[in-house]
2 protein chains.
Amino acid sequence: MARILIVEDEDRIAAFLAKGLSADGHQVSTVADGLAGLEEALSGAFDLMVLDIGLPTIDGFEVLDQLRAQGSRMPVVVLTARDSVHDTVSALEGGADDYLAKPFRFAELRARIHVRLRQQDRTDAEVGELRSGSVGLDLRTRRLRVDGRESDLSAREFALAEVLLRHPGQVLSRAQLLDLAWGMDFDPGSNVVDVYVGYLRKKLGSARVETVRGMGYRFQP
Amino acid sequence: MARILIVEDEDRIAAFLAKGLSADGHQVSTVADGLAGLEEALSGAFDLMVLDIGLPTIDGFEVLDQLRAQGSRMPVVVLTARDSVHDTVSALEGGADDYLAKPFRFAELRARIHVRLRQQDRTDAEVGELRSGSVGLDLRTRRLRVDGRESDLSAREFALAEVLLRHPGQVLSRAQLLDLAWGMDFDPGSNVVDVYVGYLRKKLGSARVETVRGMGYRFQP
DNA sequence: TGTATCCATGAGAGCTCTCTCATGGACCCC
DNA sequence: GGGGTCCATGAGAGAGCTCTCATGGATACA
């Protein structure tokens with residue numbers, strides 16, 4: 001499941017795409033003009049954008065340009081009626097990840113969307129960010145983002161946060177946490193884990209780390 | 001400049017591609033059959049592959065399949081005479097990053113190749129390891145590897161090491177280092193940089209960070 | 001309700017990290 | 001060689017991090 005933004009002013013096509021992609025299990029939103037599309041894209045609420053070139057207010061090239069200028073790396077699949085090499089090249093060099101000329105087969109669009117989502121997942125998994133709902137952990141800068149607000153983590157807090165986020169919904173015993181976040185395979189005879197869970201809760205929000213009495217702790221996605 | 005592998009059995013097309021891509025400054029190799037193409041691709045000597053589907057020995061789908069099965073993530077642009085939705089989808093779902101049907105415009109192929117190389121660069125830059133000769137800096141675990149031996153770095157040492165490794169052979173002034181590794185745009189009036197260069201030298205080996213009298217420091221790759 | 005167990009948290013010791021400062025050595029130029 | 005500038009480095013202050021410990025509250029269960 002991915003969150004897909006469709007920016008397309010022809011209702012018939014937008015509806016067709018929305019229907020098809022929803023049927024694949026994606027969460028789809030549709031917008032009909034360029035400026036609104038850009039805003040939505042920048043909101044961070046989507047994983048991929050399908051972008052038409054001929055749009056009201058500002059055209060697709062401009063949307064793409066602004067999006068990249070703002071630093072967004074959201075995958076963008078450009079979709080247009082103009083089938084010229086010049087446009088294709090412009091879009092691709094302008095930061096699009098793929099380009100399809102109308103008329104196109106839905107199966108092909110779907111396949112191309114899947115490739116971009118797959119790449120994104122791979123990148124996210126390797127680098128970037130560990131996400132769970134409104135919580136994001138930037139593995140590179142070691143910062144935590146919760147509902148848009150960022151905070152710094154100490155080395156140990158980061159290790160613990162990473163372990164919890166990598167096992168969402170799963171109960172982890174103190175021994176497991178000591179092993180995974182501290183690298184200890186023995187019981188230090190103290191309550192370090194409890195203390196650090198306490199520290200993390202202050203930054204993450206108390207409700208997100210649930211204590212399972214007698215068992216350990218669980219991160220709530 | 002990228003190292004591009006062309007796997008194509010039609011000499012005329014292979015030569016045309018090789019010529020065009022070489023003219024763009026890429027280093028191009030051509031192979032005419034599937035098995036040889038797979039071997040070359042797995043050698044790790046290339047940054048991207050342009051792959052024809054109809055090939056002797058084993059076809060392009062099979063090459064792609066084996067390549068991905070071996071864990072390679074090399075970007076692959078599939079190029080074929082068969083213009084069917086079924087083939088397009090098969091190739092894309094099978095691990096291709098892009099698909100063009102012949103006849104195609106060279107400008108479009110070039111643009112699509114550039115997109116894949118750009119993505120790859122981005123990923124390389126973000127993830128993994130920063131390498132320079134026998135020195136490697138793991139951006140994920142923040143450990144330094146020198147001639148096989150590993151050592152831990154403090155946060156500031158890591159920041160400084162990263163800056164130096166990202167500018168191999170380049171003289172960086174104290175002001176530049178303060179800016180890039182400390183985020184300071186002013187002179188703190190102390191010799192922090194000197195001190196941290198000293199710390200790094202202990203872990204990196206003295207010879208690898210050269211001091212350029214009156215100018216700053218330079219990392220020797 | 002009473003009791004035992006389990007958990008949350010404030011206080012604080014010890015350590016590491018970061019930075020400053022002072023000193024002495026290295027280097028350059030005349 | 002002398003004098004001045006630049007750099008390397010040991011010592012140490014202060015801050016933050018990591019962990020321990022003790023206390024009191026929460027929870028489960030008879």
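Here is how names work: the chains are called A, B, and so on, in the same order as the sequence lines, proteins then strands, and each is numbered from 1.
- For the side-chain hydrogen bond (donor to acceptor under 3.5 Å, both in side chains) with B/D152, the lone residue among B/R142, B/R143, B/K203 that qualifies is B/R143.
- Between B/R116 and the choices B/D98, B/D47, B/D97, the salt bridge (Lys or Arg N to Asp or Glu O under 4.0 Å) rule is met once, by B/D98.
- Taking atom OH on A/Y196 and atom C1' on D/dT20, their separation rounds to 11 Å, with Å as the unit.
- B/S154 has a side-chain polar atom (N or O) that falls below the 4.0 Å cut-off from OP1 or OP2 of C/dT18.
- Rounded to whole Å, the distance from CG on B/L200 to P on C/dT18 is 11 Å.
- Using cut-offs of 30° and 60° for the angle between ring planes, the B/W182 and B/Y196 rings count as perpendicular.
- Taking atom CZ on A/F158 and atom C1' on D/dG16, their separation rounds to 19 Å, with Å as the unit.
- For the pair B/L177 CG and D/dC7 P, the interatomic distance rounds to 12 Å; values are reported in whole Å.
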Reading 5' to 3' through nucleotides 4-12 of chain C, protein heavy-atom contacts under 4.0 Å coded B for base, S for sugar-phosphate only, - for none
-BBSSBS--

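- The one candidate from B/L204, B/L137, B/L139 that meets the side chain to side chain contact (heavy atoms under 4.5 Å, CB included) condition with B/L165 is B/L137.
- Summarising the geometry, the separation between NZ on B/K203 and P on C/dT16 is reported as 12 Å, rounded to the nearest angstrom.
- Set against D/dC17, C/dT20, D/dC19, the side chain of B/V192 has C/dT20 as its closest nucleotide.
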Residues B/F219, B/R166; criterion side-chain contact (heavy atoms from CB on, under 4.5 Å); working and verdict
CA-CA 9 Å; B/F219 173 70; B/R166 283 196 192 281; over 6 Å; no

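- The nearest whole Å value for the distance from the CG atom in B/L153 to the C1' atom in C/dC17 is 13 Å.
- Of the possible donor and acceptor atoms, one in the side chain of B/E157 sits under 3.5 Å from a partner among the backbone N and O of B/S154.
- Taking atom CD of residue B/E157 and atom P of nucleotide C/dC19, one finds them 11 Å apart after rounding to whole Å.
- In terms of phosphate contacts, B/W182 brings no side-chain nitrogen or oxygen within less than 4.0 Å of OP1 or OP2 of C/dT18.
- Summarising the geometry, atom CG belonging to B/L48 is positioned 10.0 Å from atom NE2 belonging to B/H114; distances are rounded to the nearest 0.5 Å.
- Rounded to an integer number of Å, the gap from B/D152 CG to C/dC17 C1' is 14 Å.
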